[in-house]
There are 2 protein chains.
Amino acid sequence: MTTTPALDPQALLRGRDILPTLQRMAVAQVLLLQPAHMTAEQVLEAARRLMPELSRATVYAVLKLFVGQGLLKELPIDGHATVYDSNVQPHHHLYDVDTGHVVDLPAASLQVLGLPQAVGALEMAGVDVIVRVRGLSAAG
Amino acid sequence: MTTTPALDPQALLRGRDILPTLQRMAVAQVLLLQPAHMTAEQVLEAARRLMPELSRATVYAVLKLFVGQGLLKELPIDGHATVYDSNVQPHHHLYDVDTGHVVDLPAASLQVLGLPQAVGALEMAGVDVIVRVRGLSAAG
DNA sequence: TTCCATGCAAAGGGTTTGCACTCTC
DNA sequence: GAGAGTGCAAACCCTTTGCATGGAA
């Protein structure tokens, strides 16, 4: 692990050459300071508690910016709404098919064998393992 | 493999207690008689070559019915449009992040180690491995 | 002062729904 | 004839875009 938890949203954003506006810091506060899985709507709702005037369009813009700067990852989990994951380290996911809750699975907890043969000469851009389960009660 | 390729759409549908209407047989013809990965829009376009009056709403209804009856699987690959896979055997996917093309990866070509420990006492509903690559030129 | 960020509202794509018509059993 | 299946259009949800305002360098 090379993660140095950035406890200061402003420093976190400056470190990625992102102008730390109030809106961006509100989103960072909600999503980047701890591991979290949230949809855009959930981010908007949570960030508006810190900044009620925050607009939906801005949240989408900020999320897209954060993804581009490597602060967030979009999860390919569910067809309806994009889920943003603030854990950008390689890892996998447990997904509750009934509730939609997601929890991280450390990269080391699963091992995928056979990848080199499977991708052959293609350029590999990443591997996602999604384990669908039932009964994941706690919030993810 | 226990697959007995059903070459007759009508028998295929009756086998699942699905009333074989002309619309459902057109969709089956296009998607179920061979392994394929298609979005609803692609299914509509292809099926309309067999039946020009087919409506979009009916295609969505039929796809949902087929998924419920285990004839199709929805792939959790991309946020925009749902991709339907007529291969319902356990297997994984190679996904071209540039073109959107998908190809099957036989279940045997990859091995995921550590699942029992990862899911613990939860009920496992399935495992999806999506390998993102670039340069997958052929249609998937 | 120039450029970037924000907010609002409208537009856009994918999917679902309401309702009348048609067909199957 | 009763109930299921279909088609059309409108509605819906998530996301993006256009444009005018406001703030940062």
Check your understanding: OP1 or OP2 of dT16(D) less than 4.0 angstrom from a side-chain nitrogen or oxygen of Tyr60(A), does that happen here?
Key -> no
Check your understanding: salt bridge (Lys or Arg N to Asp or Glu O under 4.0 Å) between Asp96(B) and Arg134(B): does it pass, once the steps are laid out?
Key -> CA-CA 5 Å; Asp96(B) 190 314; Arg134(B) 284 176 217 282; over 6 Å; no
**Study point:** Interatomic distance, Leu22(B) CG vs dG5(D) P [rounded to whole Å]
**Key:** 14 Å
Check your understanding: In whole angstrom, what separates Leu13(A)'s CG from dA24(D)'s C1'?
Key -> 15 Å
Exercise for review: Please check the phosphate of dG23(D) (OP1 and OP2 only) for any side-chain N or O of Gln23(A) closer than 4.0 Å.
Suggested key: no
Review point. Are any of the side-chain nitrogens in Arg56(A) or Glu41(A) under 4.0 Å away from the carboxylate oxygens of its partner?
Key: yes
Point to revise | Most 5' of Thr82(B) and Thr21(B) on DNA chain C, judged by nearest nucleotide | key: Thr82(B)
Exercise for review: Would you tell me whether Asp104(B) and His37(B) have side-chain atoms, one donor and one acceptor, within less than 3.5 Å of each other?
Suggested key: yes
Exercise for review: Look at Ser55(A) and dC8(C) and indicate whether a side-chain polar atom (N or O) is within less than 4.0 Å of OP1 or OP2.
Suggested key: no
Practice item. Answer with base, sugar-phosphate or nothing: what part of the nucleic acid does Arg56(B) contact at a heavy-atom distance below 4.0 Å? Key: base
Check your understanding: Looking for any heavy atom pair under 4.0 Å, which part of the strands does Glu41(B) touch: base, sugar-phosphate only, or nothing?
Key -> nothing
**Study point:** Rounded distance in Å - CD (Glu45(B)) to C1' (dG14(C))
**Key:** 16 Å
Check your understanding: When you measure from the side chain of Ser86(A) to the backbone N and O of Leu31(A), does any donor-acceptor pair fall under 3.5 Å?
Key -> yes
Check your understanding: Starting at CG of Leu44(B) and ending at P of dG13(C), how long is that distance when rounded to a whole Å?
Key -> 16 Å
Practice item. Would you kindly give the CZ-to-C1' distance between Phe66(B) and dG5(D), to the nearest whole Å? Key: 13 Å
Revision key, fill the gap. Considering only heavy side-chain atoms of Ala81(B), the closest of dT15(D), dG7(D), dT15(C) is dT15(C)
Practice item. Take atom CG of Leu19(B) and atom P of dA2(D), then tell me their distance rounded to the nearest Å. Key: 19 Å
Review point. Out of dG7(D), dT17(D), dG7(C), which nucleotide sits closest to the side chain of Lys64(A)?
Key: dT17(D)
Practice item. Please state how far atom CZ in Arg24(A) lies from atom C1' in dA24(D), giving the value in whole angstrom units. Key: 11 Å
Practice item. Using atom CE of Met51(B) as one end and atom C1' of dG7(D) as the other, report the distance to the nearest whole Å. Key: 11 Å
Review point. When you measure from the side chain of Arg16(A) to the backbone N and O of Gln69(A), does any donor-acceptor pair fall under 3.5 Å?
Key: yes
Practice item. Tell me what Ala57(B) touches on the nucleic acid: a base, only sugar-phosphate, or nothing, going by heavy atoms under 4.0 Å. Key: base
Point to revise | Pairwise 5' ranking along DNA chain C for Val83(B) and Pro20(B), keeping only the more 5' one | key: Val83(B)
